[in-house]
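One structure is given here, and the rest of the page talks about it.
We number each residue from 1, following the sequence as shown. Side chains included, hydrogens not; waters and symmetry mates left out as well; all remaining heavy atoms used.
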Amino acid sequence: MSAPPALTPSQAQAADPALNAWVSASAGTGKTQVLTGRVLRLLLAGAAPEAILCLTFTRAAAAEMTRRLYATLGRWARADDAALAAELAGLGAPPEQMPRARTLFATCIDAAGGLRVDTLHAFAQSLLSAFPLEADVPPGFHTLDDEDSAQALKEVASAAIARAERDGDRQLLEDLERVATGVDSFAKLLVKLSKHTGVVLEALPDAATIEPAVRHLLGLPQDGTPGDWLANALARGDHAPALLARIRAAWDAGTKAEKQKAAQLADWLASPDPAGDIDTVMALFFKEDDEPRALKPTENSKAAEPDLAALCAQAQAALQAMRETLTLFEAAETGAAHLRLIHALGGGFERRRRQTGAMRYDDLIERAARLFHMPGAGDWVRYKLDQRIEHVLVDEAQDTNDAQWRIVGALVEEYFAGAGAHEAAQPVRGRRCQAGDFRLSGHRSRDVPGG
């Protein structure tokens, strides 16, 4: 592997281990080179390999960064003085560090664990494996990948569907029919539902309370069907029925086309299921793209109702409000169906997972984030990690979610508190640099003299 091009001034600034840096740049601007350069500068400045933790977003990124680092260190061990001096200058490192540069390959090979370049999930897994009792996870747990999780979910779902058909549980079957449109969508649905099982079971432990709770959040009546709501609204004699009755009477006095519309409107007003038939009346007042129709009265209908155009505009607004409320009912029913399926299927998956001591990737992150903030145990875990990890670098930070940031925050929390372990520690300096794709590095100033 040939030597990379020299870092630009802004890239070299971001790679300077004496600075804490948050770095942002477009694709193809040397992001991985900057991050690799920062690790190399840390090693040259005296940081122990096992004290550096690089967290990447994907396994491919972790493998690529590890490859670059070891390729560079191997090249340094064999390079002549001129080539090595030029490469160090390209990193912004002084020539006095050449002797250490030649030893770093062997140092990293001999270090316990070598250079730590992990995905956040891999780091979380190693953390939980090291502290299973503190994290309340089964010692020796195994991780379910997406394929394993999908297969387990299918088996749980198949068993639940068979029970529902045997026991006549129409609710489960109707919920499945509502939210799943095919085999592929059903498999994807199961995976999505399983990711929210813990939150849903904790917030809504009783499946019977789900739909009322969803309706309450949407400002809907907690009892009755959408048809009940609309029939009651029409029976109460609100302004919408009165408007529609006047419009129907005016159309009934108009042309043949208007008489037909009047008959359709009359049928809808007398319908036992106005919610189910609402598309009929909506078609009288709105186009297919939901734009309001320009309803201009004819001579006879205008004579019967001089304000017919204004009445039609008011009716359009009232009908639109009705349909929006019915849409909320539909959303509530669909949302409740998803949540009930989480109870029925996700709950079964969770029980099976606990029985087999398995954990999903999302569980790794959530449990690790929770571990850091558990009273007593969290302080102990942070203390132990504080003895080993001196530098944290996060790759692709823009893709890091809240739980993952809680892990990173816990790792670097002590970096900015207290005087540190070395008496020669100096205040930490920080600066915003423009050289990489949202990369964050936290470090203890004690590692770099004067930094």
- Start with the C-alpha gap between Arg163 and Leu172, add the side-chain angles, then the distance that decides, and say whether side chain to side chain contact (heavy atoms under 4.5 Å, CB included) holds. CA-CA 10 Å; Arg163 285 195 304 272; Leu172 176 65; over 6 Å; no
- Message: Tell me if a side-chain donor or acceptor on Arg248 pairs with a main-chain N or O of Ala263 at a distance below 3.5 Å.
- Response: no
Review point. With no hydrogens and no angle check, is any side-chain donor or acceptor of Gln404 less than 3.5 Å from a backbone partner on Asn401?
Key: yes
Nearest heavy-atom contact between Arg215 and Ala332 is CG-CB, 4.1 Å
CH2 of Trp268 to CG of Leu284, rounded to nearest 0.5 Å, is 10.0 Å
**Side-chain heavy atoms of Thr400 within contact of Glu396, under 4.5 Å** = no
* Around Arg293, counting heavy atoms of other residues, nucleotides and ligands shown, do more than 12 lie under 6.0 Å from its CZ? -> yes
Between Ala315 and Leu243, the two heavy atoms sitting closest are N-CD1, 4.0 Å
I'd like to know if the side chain of His343 reaches the main chain of Leu339, judged simply by a donor and an acceptor atom lying under 3.5 Å from each other, with no hydrogens or angles considered. no
Nearest heavy-atom contact between Thr334 and Val179 is O-CG1, 4.2 Å
Output for pair (Thr143 OG1, Gln125 CD), nearest 0.5 Å, gives 3.5 Å
**Asked** Could Arg367 and Phe141 be counted as a cation-pi pair, given that NZ or CZ must be under 6.0 Å from the ring centre and within 45° of the axis?
**Response** no
Cys312 and Phe285 have their tightest heavy-atom pair at O-CD2, 4.3 Å
If we only count heavy atoms from C-beta on, is the Leu42 to Leu393 side-chain gap below 4.5 Å? yes
So CD of Gln11 and OG1 of Thr29: to nearest 0.5 Å the spacing works out to 7.0 Å
Leu176 and Leu341, any side-chain heavy atoms less than 4.5 Å apart | yes
- [ ] Indicate yes or no for a side-chain donor-acceptor contact from Ser271 to the backbone of Asp267 under 3.5 Å, with no hydrogens or angles considered.
- [x] no
What I'd like to find out is whether the side chain of Arg340 reaches to under 4.5 Å of the side chain of Glu211, using heavy atoms alone. yes
Distance col, row Arg323:CZ vs Asp290:CG, nearest 0.5 angstrom, shows 4.0 Å
- Going by the angle between their ring planes, with limits at 30° and 60°, are Phe329 and Trp229 parallel, tilted or perpendicular? tilted
In terms of heavy-atom contacts, Ala250 and Glu305 come closest through CB-CB, 3.5 Å
Just so I know, are the side chains of Ile342 and Leu204 near enough to count as touching, which here means a heavy-atom distance under 4.5 Å? no
Smallest heavy-atom separation, Glu258 atom then Ser301 atom, equals OE2-OG, 3.0 Å
* Asked: Salt bridge between Glu64 and Arg67, side-chain N to carboxylate O under 4.0 Å?
  -> yes
query: Taking C-beta and beyond as the side chain, do Glu50 and Arg116 meet within less than 4.5 Å on heavy atoms?
result: no
* Passes side chain to side chain contact (heavy atoms under 4.5 Å, CB included), Val281 versus Gln264? Steps please. -> CA-CA 7 Å; Val281 72; Gln264 289 178 292; over 6 Å; no
Heavy-atom neighbours of Asp223 CG exceed 12 at 6.0 Å: no
Note to self: Has Asp289 got a side-chain atom pairing as donor or acceptor with Glu291's backbone, closer than 3.5 angstrom?
What the structure shows: yes
**Residue pair Arg178 / Glu174, side-chain heavy-atom distance below 4.5 Å** = no
d(Gln320 CD, Thr327 OG1) to nearest 0.5 Å is 8.0 Å
message: If you count heavy atoms of other groups shown closer than 6.0 angstrom to NE2 of His142, is the number above 12?
response: yes
Would you say the side chain of Leu371 lies within less than 4.5 Å of the side chain of Met374, judging by non-hydrogen atoms? yes
Decide, yes or no, whether a salt bridge links Arg170 with Glu177 under the criterion of side-chain N to carboxylate O below 4.0 Å. no
Leu385 and Leu127: CA distance, side-chain angles, deciding distance, side chain to side chain contact (heavy atoms under 4.5 Å, CB included) verdict
CA-CA 9 Å; Leu385 293 178; Leu127 179 68; 3.7 Å; yes
So CG of Asp402 and CD1 of Ile407: to nearest 0.5 Å the spacing works out to 10.5 Å
(message) When you measure from the side chain of Gln33 to the backbone of Pro5, do you find a donor-acceptor pair of N or O atoms at a distance under 3.5 Å?
(response) yes
Q: Go through Glu366 and Arg406 one step at a time and tell me if the salt bridge (Lys or Arg N to Asp or Glu O under 4.0 Å) criterion holds.
A: CA-CA 9 Å; Glu366 191 58 42; Arg406 294 206 306 272; 3.2 Å; yes
| message | For Leu220 and Thr325: C-alpha separation, side-chain torsions, deciding distance, then whether side chain to side chain contact (heavy atoms under 4.5 Å, CB included) applies. | response | CA-CA 8 Å; Leu220 299 171; Thr325 299; 4.0 Å; yes
### Message
Are there over 12 heavy-atom neighbours, none belonging to Lys259, within less than 6.0 Å of that residue's NZ?
### Response
yes
